[in-house]
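Report on the following structure.
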Amino acid sequence: MSKEESQQEGKNLTSTEIKDLAQAEEARAKTFSTRVELIRRTIPAVLVGYGVVLSYLYFVLGLRFFPSGLNVGDTLFLIFVTFGYTESAQ
């Protein structure tokens, strides 16, 4: 279909058809926006979960030590300090 034919078809559309096309385009945009929002929320959650699993495996399998008797804040502080010194030593 040439450009002229598509322009002529656009001129021959009724107002109802134009509204339907606009609604379809809006629905398509909302669907895309919903998918982007879902991905935007899912990726950080997956990355945090991946980091927790890697940290756990590192402490249990790599160091054969898991800090006990500490609260969550102390444990996280220990993890970040450990990783900080590990990265700077390499």
Side-chain angles (χ1 to χ4, degrees):
M1 183 180 297
S2 71
K3 189 174 180 180
E4 291 175 11
E5 290 174 353
S6 63
Q7 286 177 350
Q8 286 180 352
E9 283 184 17
K11 291 178 183 177
N12 294 333
L13 293 177
T14 63
S15 63
T16 305
E17 291 172 332
I18 292 172
K19 283 182 183 179
D20 290 342
L21 287 174
Q23 287 176 345
E25 184 64 31
E26 184 179 347
R28 213 174 299 125
K30 284 182 181 178
T31 302
F32 178 74
S33 174
T34 303
R35 287 181 184 161
V36 168
E37 185 66 24
L38 178 66
I39 290 170
R40 190 183 68 80
R41 289 182 182 174
T42 304
I43 287 176
V46 168
L47 292 177
V48 166
Y50 182 70
V52 167
V53 169
L54 278 179
S55 298
Y56 179 77
L57 291 175
Y58 177 71
F59 278 108
V60 172
L61 299 177
L63 296 179
R64 300 197 188 284
F65 167 75
F66 192 79
S68 61
L70 302 172
N71 63 23
V72 175
D74 294 336
T75 304
L76 289 175
F77 178 73
L78 177 64
I79 290 170
F80 288 122
V81 168
T82 303
F83 284 134
Y85 281 116
T86 303
E87 290 296 318
S88 65
Q90 291 177 356

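Since the structure is predicted, the reported quantities are computational estimates derived from the model, not experimental observations.
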Same cluster for [X] and [Y] if Ile/Leu/Val/Met/Phe/Trp/Tyr side chains link at under 4.5 Å?
X: L54; Y: V46; result: no
X: I39; Y: V36; result: no
X: Y50; Y: I43; result: no

*Taking it one step at a time, do D20 and Q23 satisfy side-chain contact (heavy atoms from CB on, under 4.5 Å)?*
CA-CA 5 Å; D20 290 342; Q23 287 176 345; 4.0 Å; yes
*Is a side-chain donor or acceptor of S55 paired with a backbone partner of G51 at a separation under 3.5 angstrom?*
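It does hold such a pair.
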